[in-house]
There are 2 protein chains.
Amino acid sequence: MATIYDIAEKLGVSPSTVSRALSGRGYCKEETRKRIIQAAEELDYAPDQSAKMLKTRVSNKVLFTVPDMCNPFYFDMIQGINDVLDPYGYLLILMDTKNRLEEEKRAIQLLREKYADGMIMVSFDFCEENIGLLNRLHAPVVLTNQYVSPAGKDRFHYVWVDTQLGIKDVVRHFTSQGIRRIGYVGGRLQEQTGRERYEGYREGLQEAGLPLCADWIRESDYTEQGGYLAGLSLLNGSHPPPEAVACANDLMAYGFLRACEEKRIRVPEDLLLAGMDNLSLSARTSPKLTSVSLRAEEIGRTAAQMLVHRMNGDNRPIENEHLRPKLVVRESSVKPAGFGKRET
Amino acid sequence: MATIYDIAEKLGVSPSTVSRALSGRGYCKEETRKRIIQAAEELDYAPDQSAKMLKTRVSNKVLFTVPDMCNPFYFDMIQGINDVLDPYGYLLILMDTKNRLEEEKRAIQLLREKYADGMIMVSFDFCEENIGLLNRLHAPVVLTNQYVSPAGKDRFHYVWVDTQLGIKDVVRHFTSQGIRRIGYVGGRLQEQTGRERYEGYREGLQEAGLPLCADWIRESDYTEQGGYLAGLSLLNGSHPPPEAVACANDLMAYGFLRACEEKRIRVPEDLLLAGMDNLSLSARTSPKLTSVSLRAEEIGRTAAQMLVHRMNGDNRPIENEHLRPKLVVRESSVKPAGFGKRET
DNA sequence: ATGAAAGCGCTAACAA
DNA sequence: TTGTTAGCGCTTTCAT
């Protein structure tokens with residue numbers, strides 16, 4: 001592969017002249033430039049990225065990490081991220097951390113090794129360990145969860161949606177219909193996201209004066225299969241069964257729906273159900289699924305904008321962003337006439 | 001940021017010793033290695049990728065380009081690609097070419113500039129221009145369409161599914177139910193993918209001795225919105241209307257379904273419908289959508305395997321791969337009792 | 001307007 | 001086992 005030296009030699013000019021001509025920075029006589037450009041084409045020249053990066057210290061890449069590549073939610077986020085990043089010429093490196101701390105650490109390490117100029121990180125569990133590493137990083141980072149270190153002075157930024165409030169809204173939506181036996185399928189309580197959403201459930205019940213009932217609560221993993229298993233377990237293991245169930249995301253709600261089908265429990269005739277994420281799929285399932293919109297694309301867009309701001313060396317302090325969740329009510333959660341009268 | 005020189009200096013050894021100790025290649029006394037590793041940690045050292053790349057000429061990245069980031073089909077492919085690439089330590093750069101030749105050329109240029117070691121490219125239209133550029137590339141490339149240059153000796157490989165046969169199977173599925181008025185919503189005929197699938201439609205009709213009828217055929221763009229518009233146009237503009245419609249992908253079928261809803265045409269009671277891609281959504285829509293499975297994940301996995309094979313410098317000639325499409329019949333395409341008797 | 005030369009941080013062939 | 005040295009291909013300062 002030809003280098004600027006080959007071009008320089010062929011034309012009897014110096015490599016620096018070639019560099020200037022091709023990059024457009026610095027002086028170069030128009031005629032010389034033309035000859036250089038022509039020679040570059042003849043030699044099938046293409047600038048070498050690694051050499052350029054080594055010199056300029058920028059990679060033009062952004063790392064985007066998600067905890068579960070199978071969840072369409074993140075692809076909605078990608079739309080937004082890409083919309084913003086593309087015009088700036090940033091490339092997107094996509095990485096699946098599989099909700100494993102080790103993989104998240106690997107992602108952080110990639111940044112230390114300058115694979116990318118910045119990172120947008122989604123995690124179910126921002127904790128002391130990954131946050132500590134993140135704060136040691138020089139490259140800008142934007143998270144999609146709220147996190148404030150006790151010590152303060154965090155180096156990263158975040159854009160977040162109050163999922164706690166979102167789940168609380170779901171519970172309110174149920175109680176406002178007179179429902180009192182409300183179940184919940186969430187994530188692991190050891191994880192930040194799991195705690196947040198569970199807290200919304202707890203608050204919602206409390207607000208309505210309803211007790212927590214372990215029989216109606218399951219911990220799962222945000223996957224369809226996990227929701228299915230949790231659904232079976234909950235439907236089999238609770239007497240009386242709940243009248244309504246809030247799932248901490250749509251994927252688990254789909255799985256729960258599958259469990260209901262299997263158990264011949266009709267939604268919403270026998271049981272009300274709601275999810276969270278508002279995947280585009282949810283408007284088309286049967287029954288159409290009530291869900292809390294987290295505005296995935298907007299999160300992505302906002303996160304990318306914050307990141308670009310920081311990567312461009314603009315060091316004016318920026319505010320962390322806060323998006324409001326929005327309950328989208330569809331068939332699955334609305335009590336039909338004759339609700340609860342099981343057909344036989 | 002610390003370099004191996006900083007470590008070398010601190011310890012009074014040479015940079016190459018540090019390099020050997022850290023990379024594990026070449027001799028290094030165990031004790032020296034330990035001291036070096038400790039010093040590296042103390043100095044918060046991380047190897048610089050661009051320097052390593054410049055020297056080793058490998059980027060450990062693979063470029064994956066898709067013509068429409070909004071289509072979940074490609075995310076199924078990503079699962080497969082990532083499954084294969086991840087164990088080898090390859091990172092995935094995702095790029096949306098927006099079905100524009102210019103963007104495809106940009107992707108090819110990225111490879112020339114060594115942004116990545118190889119590429120998996122999805123395009124609706126492999127044509128002389130992009131193929132010509134692809135053949136000039138040194139880096140390995142795997143396409144997801146069949147393409148054989150007239151001149152032969154193509155440098156790239158491909159894994160393909162016979163979508164022509166897939167659409168033909170859909171038409172057969174319709175005709176086997178006695179349906180004779182069969183419509184089609186496809187891609188642009190100027191594009192390779194559009195031609196292929198249309199050809200399947202044409203052959204299917206021909207096989208059943210049915211004539212082509214322009215009233216029942218629409219060109220669109222593989223998006224939901226495109227399918228919706230094509231649906232409205234077809235439903236409004238054909239007298240008599242078709243009894244069944246084959247859509248060239250699921251996204252357009254969803255759009256078509258939306259158009260049907262709007263026009264109060266019931267599927268499958270008034271009209272049969274089928275798509276192609278077999279997105280996971282299709283098993284959950286209402287009605288559940290019949291679709292041709294293209295095995296997205298398997299395409300991804302296979303393509304990635306071929307690419308890895310080539311990137312590892314294994315130059316034994318490899319066969320292009322061929323996956324068979326599979327019709328998955330669901331509610332939307334099965335003639336119910338009383339089909340065609342419009343309710344009023 | 002152009003050229004010479006240094007250097008980005010790493011690897012690897014060769015010498016010691 | 002370790003050190004010396006020469007690049008990888010580009011940018012950029014400084015001199016001409």
Side-chain angles (χ1 to χ4, degrees), chain A residues 1-37 39-40 43-61 89 109-117 138-139, chain B residues 1-37 39-40 43-61 89 109-117 138-139:
Chain A
M1 185 53 77
T3 71
I4 53 172
Y5 287 90
D6 299 320
I7 299 175
E9 194 174 351
K10 172 166 180 169
L11 261 38
V13 299
S14 79
S16 44
T17 302
V18 176
S19 173
R20 280 191 298 257
L22 260 23
S23 72
R25 274 185 294 277
Y27 297 102
C28 183
K29 211 203 302 178
E30 193 46 36
E31 190 229 319
T32 319
R33 151 173 286 115
K34 279 200 179 119
R35 289 172 57 218
I36 289 177
I37 288 176
L43 292 174
D44 196 29
Y45 168 82
D48 183 286
Q49 265 316 298
S50 47
K52 191 177 277 187
M53 275 169 60
L54 180 56
K55 189 66 191 178
T56 62
R57 323 275 47 208
V58 301
S59 70
N60 287 310
K61 284 172 219 98
Q109 179 64 15
L110 289 177
L111 235 66
R112 301 209 322 127
E113 300 185 5
K114 303 211 180 62
Y115 269 91
D117 302 328
H138 293 101
Chain B
M1 184 53 77
T3 70
I4 52 172
Y5 288 90
D6 299 321
I7 299 176
E9 194 174 352
K10 172 166 182 167
L11 261 38
V13 298
S14 80
S16 46
T17 302
V18 177
S19 172
R20 281 191 298 257
L22 261 23
S23 72
R25 273 184 297 275
Y27 298 101
C28 183
K29 210 202 306 179
E30 191 46 37
E31 190 230 318
T32 318
R33 150 173 289 114
K34 278 200 181 120
R35 289 173 53 220
I36 289 177
I37 288 176
L43 292 175
D44 196 30
Y45 169 82
D48 184 286
Q49 265 317 297
S50 47
K52 192 178 276 187
M53 275 169 60
L54 179 57
K55 189 66 191 177
T56 62
R57 323 270 52 205
V58 301
S59 70
N60 287 310
K61 285 172 218 97
Q109 179 64 15
L110 289 178
L111 235 66
R112 300 207 325 126
E113 301 185 3
K114 303 209 180 61
Y115 269 92
D117 301 328
H138 294 100

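Note that these values count all heavy atoms, side chains included, but never hydrogens, waters or copies made by symmetry. Quick caveat, the model's predicted, so the values are computed rather than measured.
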[X] has a side chain; which of [options] sits nearest to it?
{"X": "B:Val13", "options": "D:dG3, C:dT2, C:dT11", "result": "D:dG3"}
{"X": "B:Tyr27", "options": "C:dA1, D:dT1, D:dG9", "result": "D:dT1"}
{"X": "B:Ala51", "options": "C:dC10, D:dT2, D:dC10", "result": "C:dC10"}

- Query: Any donor-acceptor pair under 3.5 Å joining the side chain of B:Arg20 to the base of D:dG3?
  - Reply: yes
- Query: For the base of D:dC8, is there a side-chain donor-acceptor partner from A:Tyr5 under 3.5 Å away?
  - Reply: no
- Message: Determine whether a donor-acceptor pair (N or O, by modelled atom type, separation under 3.5 Å) exists between the side chain of A:Thr32 and the backbone of A:Cys28.
- Response: no
- Could you please spell out the steps behind the side-chain contact (heavy atoms from CB on, under 4.5 Å) verdict for A:Lys114 and A:Met53? CA-CA 9 Å; A:Lys114 303 211 180 62; A:Met53 275 169 60; 5.8 Å; no
Expressed as a whole number of angstroms, how long is the span from [X]:[atom1] to [N]:[atom2]?
{"X": "B:Met53", "N": "C:dC10", "atom1": "CE", "atom2": "P", "answer": "14 Å"}
{"X": "A:Asp48", "N": "C:dC10", "atom1": "CG", "atom2": "P", "answer": "17 Å"}
{"X": "A:Gln49", "N": "D:dT11", "atom1": "CD", "atom2": "C1'", "answer": "13 Å"}
{"X": "B:Arg33", "N": "D:dT2", "atom1": "CZ", "atom2": "P", "answer": "10 Å"}
{"X": "B:Leu43", "N": "C:dG9", "atom1": "CG", "atom2": "C1'", "answer": "15 Å"}
{"X": "B:Arg25", "N": "D:dT1", "atom1": "CZ", "atom2": "P", "answer": "17 Å"}
{"X": "B:Ile4", "N": "C:dA12", "atom1": "CD1", "atom2": "C1'", "answer": "11 Å"}
{"X": "B:Arg112", "N": "D:dC10", "atom1": "CZ", "atom2": "P", "answer": "12 Å"}

- Message: Closer than 4.0 angstrom, basic N to acidic O: yes or no for B:Glu30 and B:Arg33?
- Response: yes
- Remember a base hit wins even if backbone is also touched, and classify B:Thr32 as base, sugar-phosphate or nothing at under 4.0 Å, heavy atoms. sugar-phosphate
Has [X] got a side-chain N or O lying under 4.0 Å from the OP1 or OP2 atom of [N]?
{"X": "A:Arg57", "N": "C:dG9", "answer": "yes"}
{"X": "B:Thr17", "N": "D:dG3", "answer": "yes"}
{"X": "A:Thr3", "N": "D:dG9", "answer": "no"}
{"X": "B:Ser19", "N": "C:dT11", "answer": "yes"}

- Taking for each residue the nucleotide of DNA chain C with the nearest heavy atom, is it A:Lys55 or A:Ser16 whose nucleotide lies nearer the 5' end? A:Ser16
- Message: Between B:Asp48 and B:Lys55, is the salt bridge (Lys or Arg N to Asp or Glu O under 4.0 Å) condition met? List the steps.
- Response: CA-CA 11 Å; B:Asp48 184 286; B:Lys55 189 66 191 177; over 6 Å; no
- Query: On DNA chain D, nearest-nucleotide positions of A:Leu54 versus B:Lys29: which is more 5'?
  - Reply: B:Lys29
- Message: Between A:Lys10 and A:Ile7, is there a side-chain heavy-atom distance shorter than 4.5 Å?
- Response: no
